[in-house]
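Please read the structure below before turning to the comments.
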Amino acid sequence: MDSFERDENVPPCERPVLLTVVGPRKEEGNSPTGIVGRCLARQLLAMGRQVRVLAEPGRCDGWPDAVDVVEGSVTRPLECARAFDGVGAVFLAGARPSTVQDALALARKAGTGKIVLLSSHGPEYEAANPPESWYWLAIEKAVERSGMAWTHIRPSAVMGAVIEGTYPATGSDWPATVRADGVVREAFLGDGHYPFIHEEDLAAVAAVALTCDDHAGTVMEAVGPPLSTRARVRSIGAALGRDIGTVDLAPDDCRAVWRGLGWPEGAIDVTLYALEAYGARYAELLRWTLDQRPAVQEVIGRPLRTYDEWVRENIDAFH
């Protein structure tokens with residue numbers, strides 16, 4: 001698609017919503033933008049909204065027919081400036097601190113009224129460090145200073161990350177090892193926990209933020225409850241109709257496995273830390289999750305989807 005109609009008289013709420021999609025990233029804090037984006041596109045179309053997607057090469061297929069797909073990268077926005085023309089709102093996912101200002105400038109020039117940022121929980125920790133070291137916090141600050149209405153979404157790990165190959169490392173090799181020999185090998189199998197949210201639930205939070213003004217200027221904690229590693233393994237076994245064997249690896253052995261799969265050291269460090277911390281401080285961190293307001297189920301108007309449901313929906317990955 002080479003160009004788009006622009007009509008300055010059309011209010012932002014009636015203009016297309018732009019979703020940005022990048023390839024899988026293993027660095028800590030990244031979410032699977034393709035899986036979440038496809039869920040979000042379907043939900044917005046069902047709400048009667050027009051949807052445009054700016055997707056990196058290799059991410060342009062599999063979208064609903066009604067979606068306008070533009071090949072390009074939000075990390076190089078000046079090369080695909082046309083994608084921003086006439087856009088009323090942007091779901092900003094996969095931006096980089098070095099070029100996010102260019103993307104925001106294009107959106108502002110196009111008359112965009114709202115930016116909903118897919119962020120992470122990194123800013124909570126980055127705030128104690130010098131600004132030149134910021135990543136997620138640098139992106140959040142740029143959005144806040146853009147002159148457009150904004151909402152930041154800080155999600156838990158996304159269940160579908162294992163399909164797309166994005167952070168976190170936990171579970172990343174389970175489809176392969178379950179298919180090969182029916183065994184899961186990982187550290188902290190006994191007490192490890194990790195918080196997850198279903199991609200449909202995360203997309204539903206984003207859809208609300210994009211289509212109403214109730215959450216403008218806020219940080220939305222799109223968090224699901226900590227799930228035990230053993231419960232996740234049991235869910236897969238139940239869906240397959242057979243037991244899954246387990247091998248509790250030492251953390252260093254688990255690190256070696258993940259390193260061999262291409263996981264960067266930072267992502268391995270955070271994954272191992274979180275598995276152990278959520279197990280050791282389960283009651284405290286579960287209470288933190290339950291205390292977040294507005295709760296995800298309040299935002300989306302229904303209960304959260306469970307890991308059991310996610311496994312049944314994606315069981316072919318484990319066959």
Side-chain angles (χ1 to χ4, degrees), residues 1-22 31 33 36-45 47-56 59-60 63-64 66-119 136 138-154 202-220 222:
M1 184 168 296
D2 295 326
S3 62
F4 300 98
E5 295 290 334
R6 296 184 64 180
D7 187 344
E8 301 298 335
N9 296 318
V10 177
C13 63
E14 297 179 15
R15 298 180 192 171
V17 178
L18 177 64
L19 318 181
T20 64
V21 173
V22 298
S31 296
T33 62
V36 174
R38 284 175 175 81
C39 295
L40 178 54
R42 291 192 294 268
Q43 293 181 27
L44 290 171
L45 290 171
M47 298 166 72
R49 300 300 296 267
Q50 301 175 63
V51 178
R52 186 180 303 156
V53 170
L54 174 61
E56 290 187 340
R59 303 289 141 184
C60 296
W63 297 91
V67 173
D68 289 321
V69 180
V70 180
E71 184 174 298
S73 178
V74 69
T75 67
R76 301 185 302 278
L78 298 180
E79 298 176 11
C80 42
R82 295 186 309 274
F84 292 84
D85 287 351
V87 166
V90 176
F91 180 64
L92 187 62
R96 300 278 196 193
S98 58
T99 56
V100 67
Q101 297 279 9
D102 293 332
L104 294 169
L106 289 169
R108 186 167 53 247
K109 182 179 178 181
T112 300
K114 180 183 297 183
I115 304 292
V116 174
L117 173 67
L118 182 59
S119 186
W136 296 104
I139 297 171
E140 286 192 354
K141 293 297 185 184
V143 171
E144 292 168 17
R145 295 165 181 158
S146 69
M148 294 170 282
W150 59 270
T151 303
H152 302 328
I153 299 177
R154 295 178 180 173
L202 175 53
V205 171
V208 170
L210 286 162
T211 57
C212 80
D213 297 328
D214 295 348
H215 305 286
T218 69
V219 175
M220 301 182 75

Open item on the list: Quick check against the 3.5 Å criterion: does Thr75 have a side-chain atom that pairs as donor or acceptor with the backbone of Arg96?
Closed with: no

Could you list the donor-acceptor pairs under 3.5 angstrom formed by side chains in residues 204-213, with sequence neighbours left out?
| unit_1 | atom_1 | unit_2 | atom_2 | d |
| --- | --- | --- | --- | --- |
| Thr211 | OG1 | Ala207 | O | 2.6 |
| Asp213 | OD1 | Lys114 | NZ | 3.1 |

Task: Separation of Glu140 CD from Ser119 OG (nearest 0.5 Å) - done: 3.5 Å

TODO: Specify the closest pair of heavy atoms between Pro64 and Arg42, including all atoms of both residues, with the distance to one decimal.
DONE: CG-CG, 3.9 Å

TODO: Report the residues that fulfil salt bridge (charged side-chain N to carboxylate O under 4.0 Å, His left out) with Glu71, sequence neighbours left out, ordered by chain and then residue number.
DONE: none

- [ ] Calculate, to the nearest 0.5 Å, the distance between atoms OG1 and CG belonging to Thr151 and Leu118 respectively.
- [x] 12.5 Å

Task: Shortest non-hydrogen contact between Ala93 and Thr33, atoms and distance - done: CB-CG2, 3.7 Å

Task: Heavy-atom check, side chain of Leu19 versus side chain of Val17, under 4.5 Å - done: yes

Task: For the student: nearest non-hydrogen atoms of Val67 and Ala41, plus distance - done: CG2-CB, 4.2 Å

TODO: Quick one: do Val74 and Thr99 satisfy side-chain contact (heavy atoms from CB on, under 4.5 Å)? Show the steps, please.
DONE: CA-CA 8 Å; Val74 69; Thr99 56; over 6 Å; no

- [ ] Quick one: do Leu18 and Arg52 satisfy side-chain contact (heavy atoms from CB on, under 4.5 Å)? Show the steps, please.
- [x] CA-CA 5 Å; Leu18 177 64; Arg52 186 180 303 156; 4.0 Å; yes

- [ ] Return the minimal non-hydrogen interatomic distance between Pro97 and Ala138, and the atom names on each side.
- [x] CB-CB, 4.1 Å

Open item on the list: Determine whether a donor-acceptor pair (N or O, by modelled atom type, separation under 3.5 Å) exists between the side chain of Arg108 and the backbone of Ser146.
Closed with: yes

Task: Between CG on residue Leu117 and CH2 on residue Trp136, distance to nearest 0.5 Å - done: 7.5 Å

- [ ] Grab the two heavy atoms, one from Leu45 and one from Ala66, that are nearest each other, plus how far apart they are.
- [x] CD2-CB, 4.0 Å

- [ ] Tell me, please, which residues at least two apart from Arg145 pass side chain to side chain contact (heavy atoms under 4.5 Å, CB included).
- [x] Lys141

- [ ] Could you check if a side-chain atom of Asp68 sits within less than 4.5 angstrom of a side-chain atom of Pro16, using non-hydrogen atoms only?
- [x] no

- [ ] Compare every heavy atom of Phe84 with every heavy atom of Pro77, then report the nearest pair and how far apart it is.
- [x] CB-CE1, 4.3 Å

Task: Whether Arg154 side chain and Val219 backbone form a donor-acceptor pair below 3.5 Å - done: no

Open item on the list: Would you compute the distance between atom CG of Leu54 and atom SG of Cys80 and round it to the nearest 0.5 angstrom?
Closed with: 4.5 Å

- [ ] Measure the spacing between CG of Asp85 and CZ of Arg15 and express it to the nearest 0.5 Å.
- [x] 11.0 Å

Task: Donor-acceptor contact below 3.5 Å, side chain Glu56 vs main chain Val21 - done: no

Open item on the list: Return the CG to NZ distance between Leu104 and Lys109, rounded to the nearest 0.5 Å.
Closed with: 14.5 Å

